Amino acid sequence: MKLEVKAKNYVPGSISFSDGFGLNRKLGDFVKYVDGEKARYIIKKLLSEDKEIDSAELGLDGDFNCNSTTIYYDGDFFEYDAYEGSQWAEPILIVNYCDGSNEAYSCWYRNLETTANIVDSETFKEVKQIESKL
């Protein structure tokens, strides 16, 4: 897997819950689930490249101050312990380096079957059609 940096020296945004649901949502929206496996992979990959990582936080951008967890610190990994997904906030990993800089990575996956439980069956059929064209 090729690592793609979303941003350098990133400061997560913050918006209210109601504002998040007021974003331009459309048919076919889906839940973005936190990908803890990808987060660990990214950290291990960066460490294998001799990057000096101080800590890493995984959470929901736009709600990071309330929904994030330190998953790596001082050479140890920890379990993610915040909201597992969102329809509006993107799950991201922020890797904090010893020199004070950081890098942010998108860190999520889609789960259409779980999304089906959120929307009615007719909408889900349309979502599956959209998904098949991606």
Side-chain angles (χ1 to χ4, degrees):
M1 167 189 322
K2 183 177 183 243
L3 301 184
E4 291 188 39
V5 177
K6 174 185 170 101
K8 292 184 180 243
N9 298 316
Y10 187 69
V11 176
S14 181
I15 60 176
S16 73
F17 186 78
S18 60
D19 286 343
F21 273 98
L23 295 174
N24 293 326
R25 294 177 56 213
K26 62 187 179 314
L27 177 66
D29 280 356
F30 53 89
V31 177
K32 298 173 191 111
Y33 290 93
V34 172
D35 193 338
E37 286 183 37
K38 180 178 180 182
R40 282 178 180 249
Y41 172 83
I42 291 169
I43 294 165
K44 288 177 181 179
K45 176 83 168 134
L46 292 170
L47 289 169
S48 76
E49 296 172 355
D50 295 326
K51 302 283 185 164
E52 294 184 16
I53 299 175
D54 177 59
S55 63
E57 297 174 78
L58 184 60
L60 303 178
D61 195 8
D63 198 20
F64 208 80
N65 61 335
C66 296
N67 286 302
S68 66
T69 301
T70 298
I71 63 163
Y72 180 82
Y73 180 74
D74 200 23
D76 293 317
F77 284 94
F78 303 96
E79 292 298 315
Y80 178 72
D81 188 25
Y83 278 105
E84 292 295 324
S86 176
Q87 290 180 306
W88 58 272
E90 179 185 8
I92 60 170
L93 172 69
I94 297 181
V95 178
N96 300 300
Y97 294 103
C98 293
D99 68 2
S101 65
N102 75 38
E103 292 178 331
Y105 297 85
S106 293
C107 219
W108 58 273
Y109 66 92
R110 298 169 74 158
N111 185 333
L112 271 182
E113 280 65 36
T114 303
T115 303
N117 294 327
I118 298 170
V119 297
D120 62 71
S121 62
E122 215 33 58
T123 302
F124 183 64
K125 287 177 190 173
E126 292 178 42
V127 169
K128 295 237 351 143
Q129 289 174 344
I130 292 168
E131 177 77 9
S132 69
K133 294 176 183 176
L134 295 178

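Since the model is a prediction, treat every value here as computed from it, not as a measurement. Below, all heavy atoms of this structure are taken into account, side chains as well, without hydrogens, waters or symmetry copies.
Just one of Cys107, Ser68, Pro12 meets the side chain to side chain contact (heavy atoms under 4.5 Å, CB included) condition when paired with Ile94; it is Pro12.
Two residues are said to be in side-chain contact when any heavy atoms from C-beta on lie closer than 4.5 Å; Leu58 and Asp35 fail this criterion. With contacts defined as side-chain heavy-atom distances shorter than 4.5 Å, the pair Tyr72/Phe77 qualifies. Put simply, the side chain of Phe64 reaches to within 4.5 Å of the side chain of Ile92, judged on heavy atoms. A 4.5 Å side-chain heavy-atom check between Ser106 and Glu90 finds at least one atom pair inside the cut-off. Looking only at side-chain heavy atoms (C-beta outward), Glu57 and Asn96 come within less than 4.5 Å of each other.
More than 12 heavy atoms of other residues, nucleotides or ligands shown are found within 6.0 angstrom of CD on Glu49.
Between the Asp54 side chain and the Tyr97 main chain, no donor and acceptor come within less than 3.5 Å of each other.
Leu60 and Ser86 make their closest contact through CD1-CB, 4.2 Å (heavy atoms, listed as atom of the first residue, atom of the second, distance).
Rounding to the nearest 0.5 Å places CD of Glu103 at 6.5 Å from CG of Leu46. Distance check, rounded to the nearest 0.5 Å: NZ of Lys51 to CG of Asp99 gives 9.5 Å. A distance of 11.5 Å separates CD1 in Ile53 from CG in Asn102, rounded to the nearest 0.5 Å. Rounding to the nearest 0.5 angstrom, the gap separating the CH2 atom in Trp108 from the CG atom in Leu93 is 15.0 Å.
Leu47 and Ile71 fall within a single hydrophobic cluster, where Ile, Leu, Val, Met, Phe, Trp and Tyr side chains are chained together by heavy-atom contacts under 4.5 Å. Tyr73 is not connected to Val95 by any chain of hydrophobic side-chain contacts under 4.5 Å among Ile, Leu, Val, Met, Phe, Trp and Tyr, and they are in different clusters. Under the 4.5 Å side-chain heavy-atom criterion for Ile, Leu, Val, Met, Phe, Trp and Tyr, Phe78 and Ile43 are members of distinct hydrophobic clusters.
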For Asp61 and Tyr10: C-alpha separation, side-chain torsions, deciding distance, then whether side chain to side chain donor-acceptor pair (under 3.5 Å) applies. CA-CA 11 Å; Asp61 195 8; Tyr10 187 69; 2.4 Å; yes

